[in-house]
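What follows is a short report on a single structure.
Residue numbers start at 1 and run along the sequence shown.
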Amino acid sequence: AAGGGGIEIVATGNVTLDVNSRILAHGGGQNCGASTYPAGGAGGGSVRIIAGGSVTNKGIIDVNGGKGGNGSTDIWNTGGGGGGGRVAIFHGGAFTDTGTIAANGGAKGMAVSDPNNPGVLVTFAENGQDGTIYVVDSAVVSPMKASAPTPKNGDKTVYTGHPDPCTIKLKWYSGYGGTTDRVYCDTFSPPTTQRGGNVAVTRGQHSVTMTVSSGNTYYWKVVTDGTVSSDTWSFSTRNWRCPIANPPPGGSPHPAGLEWDTNHDCVIDFEDFEYFADDWLNPEFGTFTLEFYDFNRFANEWRQCFNRTDGGCAGF
């Protein structure tokens, strides 16, 4: 099913949605006949209203997720509901809602029958997660506020790798209605050193580059038009740590590490091949003998390490 679309309403004055108003951006549902392997429902869309004056809703704003498909055989063959969408309302005056604003997750699909309970509709699928409804006085939170940083607090470790220091990108999404974004980043908070030049506030994601070194915590923010500041975000930097499966003394094993990194330098290279070939010709493990299957595994790690980054291997 198709996902919900999006609509944006921007006004310098008031916005009134009367009792006949319908903003429908709900996700499509799997409403056809029961299927052996039905799909899930689609996600709801998005609605944003920005008003310099008041916002009054007497109608319907619907960004609900779509319904999951019903199964034709048993409880395993059912579709999950689609996730709810997003509604964001910035109001400069009063906000009044006597209508309906909904961003609910879609209903899960049901099985036509359960072999253990004939005639009972059951399912192992799940309802879709509810979306978000965000209503705020624009005097408190301006729609110009930048958001969604990368790196962000939820993922705040940055590997500097080789060389150290190195150059990274700080990425963010601009808010609405501004002219210029400026990025500030330092090892102290609040950050005061501007990074990169002035960035025009056009729609979409923006970035600036800066040099960082390992062993630090950096704090950064985006200030729009010199007045509206984003949250202050943070990330920490460290040098590359190789996830090795057979660590040297004092190291910790890692299940996704490099099995054939014999000298523990985070790279599968010719020196490791020499160790491998020597073990092939002169087994060091008694009855253990390297076979062609082992060579295939070694060659696969060599191939995956050909495009290696940060002193280690891409994919590990």
Would H91 and V15 satisfy side chain to side chain contact (heavy atoms under 4.5 Å, CB included), going step by step from the backbone distance to the final call?
CA-CA 9 Å; H91 56 92; V15 170; over 6 Å; no
Euclidean distance, D279 CG relative to Y275 OH, rounded to 0.5 Å:
10.0 Å
I'd like to know whether OH of Y293 has more than 12 heavy-atom contacts from other residues, nucleotides or ligands below 6.0 angstrom.
no
Hey, could you give me the CE/CG distance between M144 and D181, rounded to the nearest 0.5 Å?
9.5 Å
Given 3.5 Å as the limit, does a donor-acceptor pair link the side chain of N57 with the main chain of D97, or not?
no
Tell me whether R195 is salt-bridged to D186, with the criterion being a basic N under 4.0 Å from an acidic carboxylate O.
yes
Among the clusters formed by ILVMFWY side chains lying less than 4.5 Å apart, do I61 and I9 turn up in the same one?
yes
Whether the side chain of N70 engages the backbone of M110 through a donor-acceptor N/O pair (distance < 3.5 Å, no angle test) should be reported.
yes
When you group the ILVMFWY residues by side-chain heavy-atom contacts below 4.5 Å and let the links chain together, are W172 and M210 in the same group?
yes
Side-chain donor-acceptor pair under 3.5 Å between T187 and N216, yes or no?
no
Are D225 and T180 linked by a side-chain donor-acceptor pair shorter than 3.5 Å?
no
Close side-chain approach of D231 to K145, heavy-atom, < 4.5 Å
yes
Is the closest side-chain heavy-atom distance between L170 and Y218 below 4.5 Å?
no
Charged N to carboxylate O under 4.0 angstrom, R22 versus D62?
no
Residue pair V47, V63: steps toward the side chain to side chain contact (heavy atoms under 4.5 Å, CB included) verdict
CA-CA 8 Å; V47 174; V63 295; 3.8 Å; yes
T232 side chain near P191 side chain, heavy-atom distance below 4.5 Å:
yes
Where do V201 and G175 come nearest, in terms of heavy atoms and distance?
CG1-O, 3.9 Å
ILVMFWY network linking F95 to Y134, side-chain heavy atoms under 4.5 angstrom
no
Hey, does Y176 have a side-chain heavy atom less than 4.5 Å from the side chain of F90?
no
